[in-house]
Amino acid sequence: MGALFRSEEMSLCQLFIQPEAAYTTVAELGEIGIAQFRDLNPELSAFQRKFTAEVRRCDEMERKVNYIKKELIKDGMEVKDLFYNLPPVPNPREFIDLEALFEKTENEILELSENFNQLLQNFQELTELRYVLERTQSFFSEHVSNYEGSKAEEAGETQQLGFVAGVIEREKVLGFERILWRISRGNVFLRHADIETPFTDPKTGREHHKNVFVAFFQGDQLKTRVKKVCAGYHASLYPCPNNYEERDDMLKGVMTRLQDLTMVINQTKDQRQRVLVSVSKDLPKWIIIVKKIKAIYHTMNLFNIDVSGKCLIGECWIPTNDLHLVQSALTNGSNVVGSTVPSFMNVIATNENPPTFNRTNRFTQGFQNLIDAFGVANYREANPALYTIITFPFLFAIMFGDLGHGIIMFLFGLWMVTSEKKLLMQKSKNEIWNIFFGGRYIILLMGFFSMYTGLIYNDCFSKTMNIFGSSWKIAYNESTIMNNTEGQLQLNPSDDSLVEGRTYPFGLDPAWMLATNKIIFLNSFKMKVSIIFGVVHMIFGVIMSVVNYNHFRRRSSIILEFLPQILFLVLLFAYMVFMMFWKWFRFSPKSQPPYSPGCAPSVLIYFINMMLFGENKYPDGCEEYMFPYQQEVQLYFVIIALLCIPWMLLGKPLFIMCTGGNKGHGDHGDEPMSEIWIHQAIHTIEYVLNTISHTASYLRLWALSLAHAQLSEVLWGMVLNIGLTQSLYVGGAILFPIFGAWAVLTLAILVMMEGLSAFLHTLRLHWVEFMSKFYTGTGYIFAPFHFKTILNEEED
Amino acid sequence: MGFMFNIDAGYLEGLCRGFKCGILKQSDYLNLVQCETLEDLKLHLQGTDYGQFLANEPSPLAVSVIDDKLREKLVIEFQHMRNHAVEPLSTFLDFITYSYMIDNIILLITGTLHQRPISELIPKCHPLGSFEQMEAIHVAATPAELYNAVLVDTPLAPFFVDCISEQDLDEMNIEIIRNTLYKAYLEAFYDFCKGLGGTTADVMCEILAFEADRRAIIITINSFGTELSKDDRQKLYPRCGKMFPDGLAALARADDYEQVKAVAEYYAEYAALFDGSGNNPGDKTLEDKFFEHEVKLNVYAFMQQFHFGVFYSYLKLKEQECRNIVWIAECVAQKHRAKIDNYIPIF
């Protein structure tokens with residue numbers, strides 16, 4: 001866990017690799033994934049680099065693999081992604097074999113597909129011919145009757161009536177008919193009929209509806225023109241004999257040929273299927289291998305070539321702790337190819353800003369992501385993610401305090417966590433799901449903490465649970481209660497007969513649920529809790545800045561920045577927190593004035609008057625202040641806090657002026673003095689104003705908690721209560737749908753929507769209120785060359 | 001009017017401007033001209049907005065494949081916008097495609113005149129200008145037939161009215177048909193844009209006026225030494241440019257290149273184009289200067305918002321880019337690097 005305090009130490013290394021061992025070495029490094037390579041030839045464009053030819057070969061192989069994959073999918077076969085047993089990178093010799101194998105497979109499939117398509121084409125043509133022969137039958141008989149009827153007297157001229165028959169796509173029929181009419185001035189007679197079964201284009205796989213047509217016309221000149229139009233409209237023409245007998249014979253012939261062809265097609269299909277099935281086993285491996293090889297050459301393109309040409313030089317960032325892994329990868333890489341000259345590694349000193357690398361595991365990853373989403377930490381800066389693991393779910397739970405909703409969330413998180421492996425395998429592409437899944441441990445903890453705060457608030461689906469038995473007793477007799485018309489019966493805590501003599505052991509006393517002043521009581525409680533946790537959170541944030549100052553050797557800042565900041569915060573706001581506690585401890589129902597409940601002051605008014613040096617009003621018999629010398633103490637506190645402001649404002653710039661330089665102040669390189677003044681002024685104003693606004697901002701803890709409790713109470717009262725208050729057996733029937741509605745609304749609004757809103761508010765409290773006290777977040781993330789990430793990215 | 005514009009066309013304008021950002025920059029061209037082979041070219045284009053558009057083409061690459069793929073990508077983008085467009089933008093986009101239809105018709109007629117089979121000609125047609133009756137065009141032997149049988153149902157019909165005659169289709173005739181069609185088309189498009197008003201009219205009329213004048217000048221220069229009479233020539237001039245009417249009348253009287261140049265002298269922007277061009281090696285041709293000017297006008301179209309001109313300009317700029325890439329590809333493929341820098345940079 002120590003790794004989470006701050007990002008790991010990085011070293012800039014130079015790798016001197018023998019050219020023959022470069023490929024295997026980079027492969028080894030890609031497998032372990034701990035080196036981030038830097039581009040040593042940024043001025044070269046993609047095609048001027050050394051290994052462009054190899055990259056191109058990989059592209060070609062990738063194309064072939066993609067083609068094979070497409071063919072597989074076309075045949076309805078599934079190409080599975082590999083998750084484990086990822087194939088290792090083949091050595092360059094095998095690479096050539098693979099290339100040949102791909103070539104062979106592609107050609108084989110190409111040839112088979114071509115044959116198959118050819119056969120399908122033939123089959124389709126024959127089928128069309130069959131339809132032409134079948135469907136034209138009615139046209140001809142019609143034509144004959146027409147001819148015999150109306151045109152009998154012109155028999156001499158119409159004898160030469162010619163025709164063409166064929167098949168045309170259905171959507172073109174209309175235009176076809178119109179243009180035939182136009183070119184012949186109405187002298188072409190077109191008949192057509194729908195073919196019900198659609199044809200599938202063997203090349204594209206799309207379905208086409210087609211029509212059979214016969215066009216009758218007169219004369220040879222018209223015939224050529226009709227044929228031209230047919231060609232233009234992609235109508236396929238088929239020979240169609242004039243009389244019925246010939247047509248019938250032809251149809252029989254076509255039928256037998258169709259049958260033969262079907263058999264051949266089935267055999268070809270089987271053969272193709274066999275080839276594809278055998279390929280489909282290896283394909284996932286191939287896909288990964290090609291990607292890996294391509295990545296290797298891309299990485300090698302980042303390398304520089306030694307002047308003598310005898311070795312490749314690569315520069316990379318490596319976590320200092322992992323240097324030995326890289327060393328062994330170098331040795332392995334050389335050993336595999338039997339290189340005589342060993343490759344070696346050189347750690348070089350640099351002024352450059354190293355990348356930020358936080359080693360995370362499944363659990364911490366989600367929390368680290370929350371921080372990185374705000375800004376990647378500077379190199380070796382204190383990492384807030386560690387503290388976020390507890391503070392985040394806790395602040396969330398303060399807003400989401402409901403045992404029931406917490407359990408739902410907890411179970412959801414638990415399910416994702418326990419079936420993690422299975423869910424990881426499925427690799428969902430659903431973005432929303434991936435967000436949830438990425439934060440599964442956060443959800444788990446948020447649910448767990450919500451259960452805890454739910455118990456503290458004694459709130460489960462807006463109902464209280466009387467676990468330990470209320471500490472309030474009812475001293476009224478039955479008739480008083482039953483005949484009570486005035487509205488309210490009071491339970492006075494100072495009356496011993498009404499109180500059990502012990503406080504409720506854990507959380508809120510269930511009796512409050514029934515009280516009319518429940519909200520007033522809870523508001524006061526939750527508001528105070530919000531401020532208390534807020535101030536503690538912020539003080540913690542300010543203290544974190546010491547860790548940074550200490551680590552970056554800016555010790556002067558501890559006195560010049562941290563000290564006034566923490567004093568300002570503690571003397572004003574932590575003092576207010578102290579007053580809350582003092583009020584809780586000092587004033588109680590049974591104590592006598594000046595500590596009786598009637599004398600209890602309002603902390604807020606006290607605080608405001610303290611800032612304004614005003615007088616506090618107090619009832620007779622009470623005292624103005626809660627403890628002796630409070631007025632004097634407050635006065636000193638305010639004066640010191642106000643003195644902190646010029647301290648913050650002037651301290652650092654004056655110090656820089658006095659020491660006569662900016663040495664050791666990394667982030668103020670060569671800034672002129674005026675810039676430093678302006679920065680410091682902004683910084684001071686920001687801090688002072690922020691302590692006030694941020695403290696107020698923590699009140700959102702109370703506001704959301706109140707909203708959540710009220711909403712769930714409304715939901716219970718307005719929805720589920722309808723079902724529960726029905727008398728007789730009707731209630732059962734009504735309760736059934738009403739419970740459904742209540743459950744759905746609870747999930748959708750209270751758990752999902754409210755959960756999301758509480759999450760966002762918590763995120764804001766961390767990013768703004770907490771992290772602004774110490775976090776810079778202008779680093780860049782460590783992105784090592786790793787096959788695993790490359791393969792994952794490509795799939796997205 | 002901007003807020004009204006966005007109701008219907010805001011999304012598409014945004015889309016179009018997004019596409020525009022993918023147009024290659026000068027730095028890309030500098031890289032492209034350094035390519036040794038077409039494979040290099042492909043590799044570099046992969047790093048631009050074109051992405052993997054050549055990834056599935058087997059090696060070795062041919063220039064024609066690159067050309068086809070470039071055009072295919074552009075056509076897909078344009079048709080996507082057309083499919084999402086509503087009136088009046090849809091008509092505007094249709095108007096753009098009419099010019100391609102005219103080109104296709106002329107290509108097919110010329111082809112059939114030279115006894116080429118129609119199936120060989122169809123792939124050469126621009127996909128933006130394809131229409132249903134297109135392939136049946138070779139049934140027509142005279143312009144009248146062409147109109148009555150084929151074009152009467154297409155949107156080009158109103159442009160064709162001036163060309164109807166019973167003469168046989170020959171080369172001369174076809175050229176005249178092309179120019180008459182184009183003239184009618186340009187004038188109609190100009191009127192349409194004017195009717196739309198607003199910024200669209202401002203931007204488009206400027207571009208179309210230049211287009212009209214360019215055609216008039218080119219027709220005049222190309223007519224020298226042919227049997228086209230001056231009267232016929234004048235009929236071909238589109239009358240929506242800046243040279244209408246005085247400049248066109250002067251052009252109609254011109255007898256040689258110098259006289260055309262003298263006419264252009266009266267118009268500042270055209271005079272500059274003539275001055276910058278020449279036929280000596282190393283000089284830019286007049287045609288290239290026209291292209292450059294067109295690119296400039298089209299780039300200006302993007303300076304203003306809430307108008308349709310961006311769609312037209314995007315298409316034209318992208319076409320110029322395709323021409324540039326193909327030019328560079330040709331130079332690379334033929335190892336003829338002397339003129340490789342003769343592309344026309346856009347941004």
Side-chain angles (χ1 to χ4, degrees), chain A residues 43-49 51-70 102-103 106-107 110 168-169 171-186 188 221-235 294 298 301 794, chain B residues 27-48 52-61 104-105 108 111-112 117-122 125 130-142 144-154 157 332:
Chain A
E43 73 287 351
L44 293 184
S45 62
F47 52 84
Q48 287 164 328
R49 291 170 185 255
F51 298 98
T52 315
E54 283 81 358
V55 169
R56 224 171 263 155
R57 270 165 64 195
C58 293
D59 278 343
E60 184 66 18
M61 281 166 75
E62 208 167 17
R63 189 193 61 75
K64 284 177 183 145
V65 171
N66 280 343
Y67 169 77
I68 298 171
K69 190 174 172 184
K70 219 163 67 192
F102 287 3
E103 179 87 42
E106 192 206 11
N107 284 341
L110 260 178
I168 189 171
E169 278 179 37
E171 61 263 31
K172 286 186 176 170
V173 169
L174 216 66
F176 182 61
E177 195 167 359
R178 198 180 300 149
I179 201 162
L180 281 181
W181 190 83
R182 287 229 159 88
I183 59 158
S184 64
R185 299 197 175 76
V188 170
Q221 204 193 352
L222 210 48
K223 183 173 181 175
T224 50
R225 304 189 72 186
V226 168
K227 279 193 168 165
K228 272 185 185 173
V229 173
C230 289
Y233 274 75
H234 295 285
K294 198 170 156 191
H298 269 305
N301 269 336
E794 298 248 336
Chain B
S27 56
D28 293 311
Y29 285 116
L30 290 180
N31 273 321
L32 285 181
V33 295
Q34 289 175 26
C35 291
E36 297 286 336
T37 63
L38 290 185
E39 299 296 318
D40 291 346
L41 196 86
K42 170 178 165 181
L43 204 64
H44 183 79
L45 286 177
Q46 269 178 12
T48 67
Q52 299 290 322
F53 82 121
L54 287 172
N56 286 330
E57 296 306 319
S59 303
L61 273 176
N104 284 351
I105 292 171
L108 290 174
T112 32
I118 198 102
S119 52
E120 192 182 299
L121 296 169
I122 290 298
C125 289
S130 68
F131 53 99
E132 200 190 7
Q133 298 91 336
M134 190 171 84
E135 298 180 41
I137 221 162
H138 60 318
V139 288
T142 66
E145 267 187 334
L146 186 65
Y147 178 77
N148 286 329
V150 184
L151 294 183
V152 68
D153 289 327
T154 66
V332 168

Q.
Can you list everything that forms a side chain to side chain donor-acceptor pair (under 3.5 Å) with B/Asp40? Sequence neighbours excluded, please.
A. A/Arg56

Q. If you look at every heavy atom in B/Ala149 and A/Ile179, which pair is closest and at what distance?
A. O-CG1, 3.3 Å

**Q.** Non-neighbouring partners of A/Glu103 that pass side chain to side chain donor-acceptor pair (under 3.5 Å), sequence neighbours left out
**A.** A/Lys64

Q: Please flag which part of A/Arg178 lies under 4.5 Å from any non-hydrogen atom of chain B: side chain, backbone, both or neither.
A: side chain

(Q) With rounding to the nearest 0.5 angstrom, report the OH to CE distance, A/Tyr233 to B/Met134. (A) 11.0 Å

**Q.** Interchain contact, B/Gln34 with chain A, by part (heavy-atom threshold 4.5 Å)
**A.** both

Q | Distance (rounded to the nearest 0.5 Å) between B/Glu135 CD and A/Lys172 NZ | A | 6.0 Å

Q) Rounded to the nearest 0.5 Å, how far apart are CD of B/Glu132 and CG of A/Leu174? A) 8.0 Å

Q: Would you indicate whether the side-chain heavy atoms of A/Asp59 and B/Glu39 approach each other to under 4.5 Å?
A: no

Q | Interchain contact, B/Asn148 with chain A, by part (heavy-atom threshold 4.5 Å) | A | backbone

Q: Measure distances from A/Thr52 to the heavy atoms of chain B and classify the residue's part below 4.5 Å as side chain, backbone, both or neither.
A: side chain

Q.
Taking atom CD as the centre, does A/Gln221 end up with more than 12 heavy-atom neighbours from other residues, nucleotides or ligands that are less than 6.0 angstrom away?
A. no

